[in-house]
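Here is the structure we will look at.
Sequence lines set the chain letters: A, B, ... in the order given, protein chains first and strands last, and positions in each chain run from 1. Nothing here was measured: the structure is a model prediction, and the numbers come from that model.
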There are 2 protein chains.
Amino acid sequence: MPKITFFNLPEDKRENLVHAAKKEFARVPLYQASISNIIKDAKIPRGSFYQYFDDKEDAFFYLLNSHVSSYKQHFLETLRKNNGDIFDAMIDFYTTIITEVKENLQFLRNLFLNMTHRIENVMARSFGENDLNEDFKKISNLINKERLNIQDEDELFHMMQIISSVTFHNIVKKFAGELPFEEALNNYRTEIYLLKKGFVSG
Amino acid sequence: MPKITFFNLPEDKRENLVHAAKKEFARVPLYQASISNIIKDAKIPRGSFYQYFDDKEDAFFYLLNSHVSSYKQHFLETLRKNNGDIFDAMIDFYTTIITEVKENLQFLRNLFLNMTHRIENVMARSFGENDLNEDFKKISNLINKERLNIQDEDELFHMMQIISSVTFHNIVKKFAGELPFEEALNNYRTEIYLLKKGFVSG
DNA sequence: GTTGACGTGTGACACGATGTCATATACAAT
DNA sequence: ATTGTATATGACATCGTGTCACACGTCAAC
């Protein structure tokens, strides 16, 4: 978490700094980002940066969290819009991610191509990292379970784990492979379809 | 790839260096590893390191590749041993990974908790990263498709993609959560079971 | 209006890591 | 011996990090 000093900053100065950080993390992934670039761009002295943040990661995760919150919101709306059909909602959501633009897209690209567990952990909260999780319950309540071949909450939890693994991986492959939109979407659709019908007949 | 000089090295000196590198990459993930530590441990001068490798990553991926080759071998044997039952083979293989010991375990831990796309790409070759892939064909030929609810090679490819996404993610969660062996295995079994039966009834 | 306390701003600095390069050494071939 | 080629070496320039002593500004108390 950023320090209190950061939140006490006059809005324009704070936004300026945030923008410089965003720019740097859109340029390169976390481990290659440099504080020097951020402060040069934001035109603040080195010491000031350390008044606001513990270090590079602190700034990064602050930005990441705000991204995640907004995507979380968006996902819940998407799920509602699709009347609780989790599969349609995922495809919808997947489309949103891979059609982001400009700086946001670069940020996401660096994010997904360098998805350490620590980062994944922050993101996965949207999908419910553990079964006591508030977000998981919210999602669970929205899901239409009528035609789901799922026995209990535990299976539902693991179903969500699987879906998010597959979704993450598809996003990574889209970003890595520079696949055209249609191809990426078809791949994802195929995999969701396979998940629905299952691998074993009978 | 390491330079020719590296392969010309007398065996004991080379192994000594490899061991020092392994130790460093078992200590911390790639992005935190330091060449200084490696050369200190291997007792070679700084300049020599750069005679053998381009940089830190070069050394890392050399080690990684040798790990992957051996696991690839092991996976094919496992699949044969399980008479082409891909699901049993995966559970078998998963067990192997999470019960590795000592230095190997730490290396894998750092690997999976910091799985960038570049690393995943190297690993995924064992599972067949693209359908023209030699390894994918080998695996495909070994798989018993009798009871599989799979129409064609494309679906098979995506099935493998899904299985590897889920497997990777389970390994990450095991390492991150420090889950006891039994719990980790049960989680993985549940997810494989769900993949087999499918999410939608009918 | 002087003082002191507190929060904040600042940049020089010590430290550590990287990759390079000029020079030294070993050794084989002639 | 001489020359050529491969390898060894460590000092060095460069860059990024995090810290620290000091400067500044505000405000309340006296």
Tabulate protein N/O versus nucleotide N/O from nucleotides 24-28 of chain D, keeping only pairs under 3.5 Å, one per line.
none

Exercise for the section: Provide the full list of ring pair (Phe, Tyr, Trp, His ring centres under 6.0 Å) pairs with a residue in residues 3-48 of chain A, sequence neighbours left out, each pair given once. Expected result: A:F6-A:F53, A:F6-A:Y62, A:F25-A:F60
Exercise for the section: Just jot down the side chain to side chain donor-acceptor pair (under 3.5 Å) partners of A:D41, sequence neighbours excluded, or say none. Expected result: A:K23
Practice task
Kindly write out the residues that satisfy ring pair (Phe, Tyr, Trp, His ring centres under 6.0 Å) with A:H67, not counting sequence neighbours, or none if the list is empty.
Solution key: A:F107
Exercise for the section: Name all pairs fulfilling the side chain to side chain donor-acceptor pair (under 3.5 Å) condition that reach into residues 50-61 of chain B, sequence neighbours left out, sorted by first residue then second. Expected result: B:E57-B:R118
Problem - Expected output: side-chain B:D85 to main-chain B:D88 donor-acceptor under 3.5 Å - result: yes
Handout entry: Non-neighbouring partners of B:K145 that pass salt bridge (Lys or Arg N to Asp or Glu O under 4.0 Å), sequence neighbours left out
Key = none
Practice task
Look at all strands and tell whether A:K3 reaches a base, only sugar-phosphate, or nothing, counting heavy atoms closer than 4.0 Å.
Solution key: nothing
Practice task
For B:R80, enumerate each residue passing the side chain to side chain donor-acceptor pair (under 3.5 Å) test, keeping only those at least two apart in sequence or located in another chain.
Solution key: none
Fill in the blank from the handout: Contact span of DNA chain C against chain B, any nucleotide atom under 4.0 Å from a heavy atom, 5' to 3', runs C:dA17 to C:dT20
Fill in the blank from the handout: Those residues at least two apart in sequence (or on a different chain) that pass side chain to side chain donor-acceptor pair (under 3.5 Å) with B:N149 are none
Exercise for the section: Specify the separation, in whole Å, of atom CD of A:Q32 and atom P of D:dT17. Expected result: 12 Å
Exercise for the section: Using the test side chain to side chain donor-acceptor pair (under 3.5 Å), find all partners of B:E182 that sit at least two apart in sequence or belong to another chain. Expected result: none
Practice task
Would you please name every residue forming a salt bridge (Lys or Arg N to Asp or Glu O under 4.0 Å) with B:E191, sequence neighbours left out?
Solution key: none
Exercise for the section: Specify the separation, in whole Å, of atom CD1 of A:I35 and atom C1' of D:dC15. Expected result: 13 Å
Handout entry: Residues touching DNA chain C, which here means a heavy atom under 4.0 Å, drawn from residues 36-60 of chain A
Key = A:P45, A:G47, A:S48, A:Q51, A:Y52
